[in-house]
Amino acid sequence: MSDLTYTPPKVWTWDQPSGGQFASINRPVSGATHDKELPVGKHPLQLYSLATPNGVKVTVMLEELLARGHAGADYDAWLIRIGDGDQFSSGFVGANPNSKIPALVDHSTQPTTRVFESGSILLYLAEKFGEFLPQDPAARTETLNWLFWQMGSAPYLGGGFGHFYAYAPEKFQYPIDRFAMETKRQLDVLDKALAERPYIAGDDYTIADIAIFPWYGGMVLGRAYGAAEFLSVHEYKHLTAWAEKIDARPAVVRGRMVNKVTGEDHEQLAERHDASDLDAKAGLGNAAE
C-alpha cells in the first residue's frame, strides 16, 4: 500500500483537473458548453453515439431488429466524439441532459420522443417493435432483472476497475484491488447463470444479452482495458462460450462497427445512414441468427 494519505478537505472544491485520460471532459456541473444543433438524417430513428460498450448495445439492437425484418428500425447513426466534448453541445444536451452517449430521438412520434440511457433505449425499442423481450410475465421480469443488473453493475467494471487499472494518472493498489475483486465477482455471477441456460435470462436471446455482451463479453474476449490476463478471464468458461456465440451473430458484427473510430480500418464505420454503408465496408449481409 502507498505511504501517501489523502485527507479530504471539509468542503470539496474543483480547483484542478482530475487527471487521467478523460480529465479534459470531466466537470462537476451539467449543461451545454456551446451551441450546436444535432444533425437529422432521413430515417425516423436518429442515434447519436460512439462505439463504447454502451453505444454498441444500441447499434446491435437496431441491427438485430433489421435482421428480423423491421424496416422501421432503420436508422441514422451520428458520431459523437466524447473526447472532443460533442456531448456538451446544446443539441445533445437537449436529447440527453446527462451528456452521455448514446441518445436516440424517434421522429416517428408526435411530438418526437427522446430516449437516453442505453438500458432505457433497449427497452423502448423492444417494446416498440415487440422483439427481444418476452411477453410471458415471469420471463419478461427475468429479462428486466438482468437488464437492470447490467446497468447497476457495469459502472464498477468501467468507472471503477477500468478507470483505476487503465486510465488513472497513477496506479494505486487499493482501488485496483477493490474493483478487480468486484469485477471478478460479477464475472462469476454471469458464469454461474450461463452454466444453467444458453442465454442470460433463459432459453431465448433478449435485450439482457444485448446489454451485457459489450461489457462482459468484451472483457472475456480480451477487448477491455488490456486486463484479460490480469483478471484470469479464462476461468469463466460458460461466460466465454456465450460471448463467442453472441460475437458471431451477423447483427452483432454489424452493430460493433457502427460509430467506431478505433482499431483496424475494416472494423470502423464512423457514421451509418443506410444498410449499404455496412455492406460496402465489410461485405456483410443483413442476416438473422
Side-chain angles (χ1 to χ4, degrees), residues 1-36 48-57 80-103 114-121 147-189 211-212 214-216 218-219 223-232 261-262:
M1 298 294 290
S2 171
D3 292 332
L4 298 176
T5 301
Y6 168 65
T7 302
K10 188 173 183 179
V11 178
W12 184 84
T13 57
W14 186 39
D15 55 8
Q16 60 182 351
S18 60
Q21 182 169 333
F22 299 103
S24 64
I25 60 172
N26 292 333
R27 58 196 181 110
V29 294
S30 63
T33 60
H34 59 284
D35 288 328
K36 184 178 180 180
Y48 306 93
S49 192
L50 181 69
T52 66
N54 287 332
V56 167
K57 295 177 198 174
I80 300 295
R81 295 183 182 271
I82 61 175
D84 295 342
D86 291 352
Q87 69 275 31
F88 300 120
S89 73
S90 57
F92 192 90
V93 171
N96 182 358
N98 196 39
S99 291
K100 302 289 184 181
I101 63 94
R114 73 176 186 184
V115 198
F116 59 89
E117 291 297 325
S118 56
S120 179
I121 296 173
L147 175 65
F148 285 99
W149 177 90
Q150 186 278 313
M151 298 297 291
S153 296
Y156 292 97
L157 168 58
F161 175 75
H163 174 78
F164 287 106
Y165 183 80
Y167 300 141
E170 298 177 77
K171 299 288 191 291
F172 292 103
Q173 183 179 351
Y174 173 76
I176 292 175
D177 282 353
R178 168 68 180 88
F179 290 112
M181 178 169 57
E182 173 60 14
T183 297
K184 286 185 68 67
R185 188 193 69 81
Q186 293 175 7
L187 293 170
D188 193 49
V189 168
I212 290 169
W215 283 103
Y216 297 91
M219 176 59 74
R223 296 173 181 158
Y225 312 120
E229 181 178 8
F230 181 75
L231 294 174
S232 300
V261 291
T262 59

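What you are looking at is a predicted structure, and each value in this text was computed from that prediction instead of being measured. Heavy-atom basis, side chains included; hydrogens, waters and symmetry copies ignored.
Counting heavy atoms of neighbouring residues, nucleotides and ligands inside a 6.0 Å radius, atom NZ of Lys184 exceeds 12 of them. More than 12 heavy atoms of other shown residues, nucleotides or ligands fall within 6.0 angstrom of atom CZ in Arg114.
The distance from the CZ atom of Phe179 to the CG atom of Leu157 is 11.0 Å, given to the nearest 0.5 Å. Taken from CD1 in Ile25 to CD in Gln87, the straight-line distance is 5.0 Å, to the nearest 0.5 Å. The distance from atom CE of Met151 to atom CD1 of Ile212, rounded to the nearest 0.5 Å, is 11.5 Å.
The aromatic rings of Tyr225 and Tyr167 sit perpendicular, their planes meeting at an angle over 60°, well past the 30° parallel limit.
Heavy-atom minimum distance, Val261 versus Leu50: CG2-CD1, 4.2 Å. Counting all heavy atoms, side chain and backbone alike, Val115 lies closest to Ser120 at CG1-OG, 3.6 Å. Heavy atoms only, all atoms of each residue included: Gln150 and Pro155 are closest at O-CD, 4.3 Å. Here the closest non-hydrogen pair linking Ala103 and Asn96 is CB-CB, 4.1 Å. Ala211 and Lys57 make their closest contact through O-CE, 3.5 Å (heavy atoms, listed as atom of the first residue, atom of the second, distance). Nearest heavy-atom pair across Pro53 and Pro214 is O-CB, 3.4 Å.
In this structure the side chain of Phe161 never reaches within 4.5 angstrom of the side chain of Tyr156, judged on heavy atoms. Taking the side chain as every heavy atom from C-beta outward, Glu117 and Asn98 approach each other to under 4.5 Å.
Residues forming a salt bridge (Lys or Arg N to Asp or Glu O under 4.0 Å) with Arg223 (at least two apart in sequence, or on another chain): Asp247. Residues that satisfy the side-chain hydrogen bond (donor to acceptor under 3.5 Å, both in side chains) test with Thr52, not counting sequence neighbours, are absent from this structure. With sequence neighbours left out, the salt bridge (Lys or Arg N to Asp or Glu O under 4.0 Å) criterion links Arg185 to Glu182. Residues satisfying the ring-ring contact (aromatic ring centres under 6.0 Å, His included) criterion with Trp215, sequence neighbours excluded, are absent altogether. Every side chain to side chain contact (heavy atoms under 4.5 Å, CB included) that Ala224 has, sequence neighbours left out, goes to Met219. Residues forming a salt bridge (Lys or Arg N to Asp or Glu O under 4.0 Å) with Lys36 (at least two apart in sequence, or on another chain): none.
When atom types are taken as modelled, the side chain of Gln186 and the backbone of Ser153 share a donor-acceptor pair closer than 3.5 angstrom. The backbone N or O of Ile80 lies less than 3.5 Å from no partner atom in the side chain of Asp86, so there is not a single donor-acceptor pair. Put simply, the side chain of Ser49 never gets that close to the backbone of Ile101: no donor and acceptor are under 3.5 Å apart.
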Chi angles and distances behind the side chain to side chain contact (heavy atoms under 4.5 Å, CB included) call for Phe164, Arg178: CA-CA 10 Å; Phe164 287 106; Arg178 168 68 180 88; over 6 Å; no
Residue pair Val189, Trp149: steps toward the side chain to side chain contact (heavy atoms under 4.5 Å, CB included) verdict: CA-CA 11 Å; Val189 168; Trp149 177 90; 4.3 Å; yes
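Here Tyr165 and Phe230 bring their ring centres to under 6.0 angstrom of each other.
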